[in-house]
Asks: 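I'd like to ask some things about the structure below.
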Amino acid sequence: MNKVIIRDDGFAEDDFGEFVSLDVLQAGVESPLAVEIANTIDPMVLVPLFPWISAIRIPFPSFADGRGFSLARRLRMLGFTGRLRAAGHVISDQYFHARRSGFDEVEIDALLARRQPQAQWMARTDWDRPTYQDRLRAAV
């Protein structure tokens, strides 16, 4: 297993397989595809293509690059309802933020999964509970 998919219920096998480039999608397709986009793309470019996209994978090229979180949030705000996957350099402590940003799952390589086992990821599946800031705003 070269990659591991993390969801709220634990580690899983990849059930999507191939993600194509946006160029393939723009050429026209008959059924929805899973596409990989750069974390620098203007999400407005994707809006007219939403009907042909079943899933989007957004790469995280380094642990310090958080642009994918902002992009996921914007895609959800623009109405994308398909599956969103963060892929690459994401650590278990970021799972909470990834889910709250709109990602459905995280894809990491098997080496990172061995260094950060399932228990570490599952400790962050409480992403839907109110945060300290949420509770503070509710008290006002």
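Just so it is clear, the structure is predicted and the values come from calculations on it, not from any experiment. One is the number of the first residue; the rest follow in order along the sequence.
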Asks: Name all residues meeting the side-chain hydrogen bond (donor to acceptor under 3.5 Å, both in side chains) criterion together with Gln116; count only those two or more places apart in sequence or in a different chain, and write none if there are none.
Replies: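 Applying side-chain hydrogen bond (donor to acceptor under 3.5 Å, both in side chains) to Gln116 gives Ser92.
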Asks: With rounding to the nearest 0.5 angstrom, report the CZ to OG distance, Arg74 to Ser101.
Replies: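 Rounded to the nearest 0.5 Å, the CZ-OG separation comes to 13.5 Å.
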Asks: Begin from the C-alpha positions of Asp8 and Arg124 and carry the test salt bridge (charged side-chain N to carboxylate O under 4.0 Å, His left out) through to its verdict.
Replies: CA-CA 9 Å; Asp8 288 349; Arg124 301 303 293 155; over 6 Å; no
Asks: Is the closest basic N to carboxylate O distance between Arg114 and Asp109 below 4.0 Å?
Replies: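 Salt bridge between Arg114 and Asp109, a charged N being under 4.0 Å from a carboxylate O: no.
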Asks: May I ask you to test the Leu33-Ile53 pair for a side-chain heavy-atom distance under 4.5 Å?
Replies: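 SC-SC contact between Leu33 and Ile53 ruled out.
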Asks: Give me the atom names and distance for the closest heavy-atom approach of Pro32 to Pro51.
Replies: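 For Pro32 versus Pro51, the nearest heavy atoms are CG-O, 4.1 Å.
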Asks: At what distance, to the nearest 0.5 angstrom, does CD1 of Ile56 lie from CD1 of Ile37?
Replies: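 One gets 5.0 Å once the value is rounded to the nearest 0.5 Å.
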Asks: Does His89 have its ring centroid less than 6.0 Å away from the ring centroid of Phe63?
Replies: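 Close enough - the centres of the two rings lie under 6.0 Å apart.
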Asks: Considering non-hydrogen atoms only, spot the tightest contact between Ala72 and Phe103 and give its length.
Replies: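 Closest approach of Ala72 to Phe103: CB-CE1, 3.4 Å.
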Asks: Is there a chain of hydrophobic side chains (I, L, V, M, F, W, Y, each step under 4.5 Å between heavy atoms) that links Trp52 to Phe19?
Replies: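 Per the 4.5 Å side-chain linkage, Trp52 and Phe19 are not co-clustered.
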Asks: Asp104 pairs by salt bridge (charged side-chain N to carboxylate O under 4.0 Å, His left out) with which of Arg57, Arg85, Arg76, Arg83?
Replies: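 Looking at Arg57, Arg85, Arg76, Arg83, the match for Asp104 under the salt bridge (charged side-chain N to carboxylate O under 4.0 Å, His left out) is Arg76.
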Asks: Shortest non-hydrogen contact from Ala34 to Phe16?
Replies: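 Closest approach of Ala34 to Phe16: CB-CD2, 3.6 Å.
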Asks: Please name the pair of heavy atoms, one in Phe60 and one in Gly66, separated by the smallest distance, quoted to 0.1 Å.
Replies: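 For Phe60 and Gly66, the tightest heavy-atom pair comes out as CE2-CA, 4.4 Å.
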Asks: If hydrophobic clusters are built by linking Ile, Leu, Val, Met, Phe, Trp and Tyr wherever their side-chain heavy atoms come under 4.5 Å apart, do Met44 and Leu84 end up in the same one?
Replies: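 In one cluster: yes.
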Asks: Which pair of non-hydrogen atoms, one from Leu49 and one from Val45, has the smallest distance, and what is that distance?
Replies: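 Looks like CD1-O, 4.0 Å.
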Asks: Between Leu22 and Ile41, does a side chain to side chain contact (heavy atoms under 4.5 Å, CB included) hold up when you go through it step by step?
Replies: CA-CA 10 Å; Leu22 189 56; Ile41 194 170; 3.5 Å; yes
Asks: So if you build clusters from Ile, Leu, Val, Met, Phe, Trp, Tyr with side-chain heavy-atom gaps below 4.5 Å, do Leu112 and Phe11 land together?
Replies: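 Linked, Leu112 and Phe11 end up in one cluster.
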Asks: Tell me whether Ile5 shares a hydrophobic cluster with Ile58, the cluster being built from Ile, Leu, Val, Met, Phe, Trp, Tyr side chains joined at under 4.5 Å.
Replies: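 Looking at the clustering, Ile58 is in a separate group from Ile5.
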Asks: Take Thr125 and Tyr95, measure what side chain to side chain contact (heavy atoms under 4.5 Å, CB included) needs, and give me the verdict at the end.
Replies: CA-CA 7 Å; Thr125 59; Tyr95 186 72; 3.9 Å; yes
Asks: With a 4.5 Å cut-off on side-chain heavy-atom distances among I, L, V, M, F, W and Y, is there a chain of contacts connecting Ile108 to Leu111?
Replies: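 Cluster IDs for Ile108 and Leu111 differ.
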Asks: Would you give the length of the straight line joining atom CD1 of Ile91 to atom CD of Gln120, rounded to the nearest 0.5 angstrom?
Replies: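 Atom-to-atom, Ile91:CD1 and Gln120:CD are 9.5 Å apart.
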Asks: Do Ile6 and Met122 pass the side chain to side chain contact (heavy atoms under 4.5 Å, CB included) test, and can you show the C-alpha distance, the side-chain angles, and the key distance before you say yes or no?
Replies: CA-CA 9 Å; Ile6 298 109; Met122 295 302 93; 4.1 Å; yes
Asks: What is the minimum heavy-atom distance between Trp121 and Val90, and which atoms define it?
Replies: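 Residues Trp121 and Val90, closest heavy atoms: CH2-O, 3.5 Å.
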Asks: Could you verify whether a donor N or O on one side chain and an acceptor N or O on the other, from Asp65 and Asn39, lie under 3.5 Å apart?
Replies: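 Yes, because at least one side-chain N or O of Asp65 sits under 3.5 Å from a partner of the opposite role on Asn39.
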Asks: Arg73: which residues meet the side-chain hydrogen bond (donor to acceptor under 3.5 Å, both in side chains) condition with it, sequence neighbours left out?
Replies: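 None.
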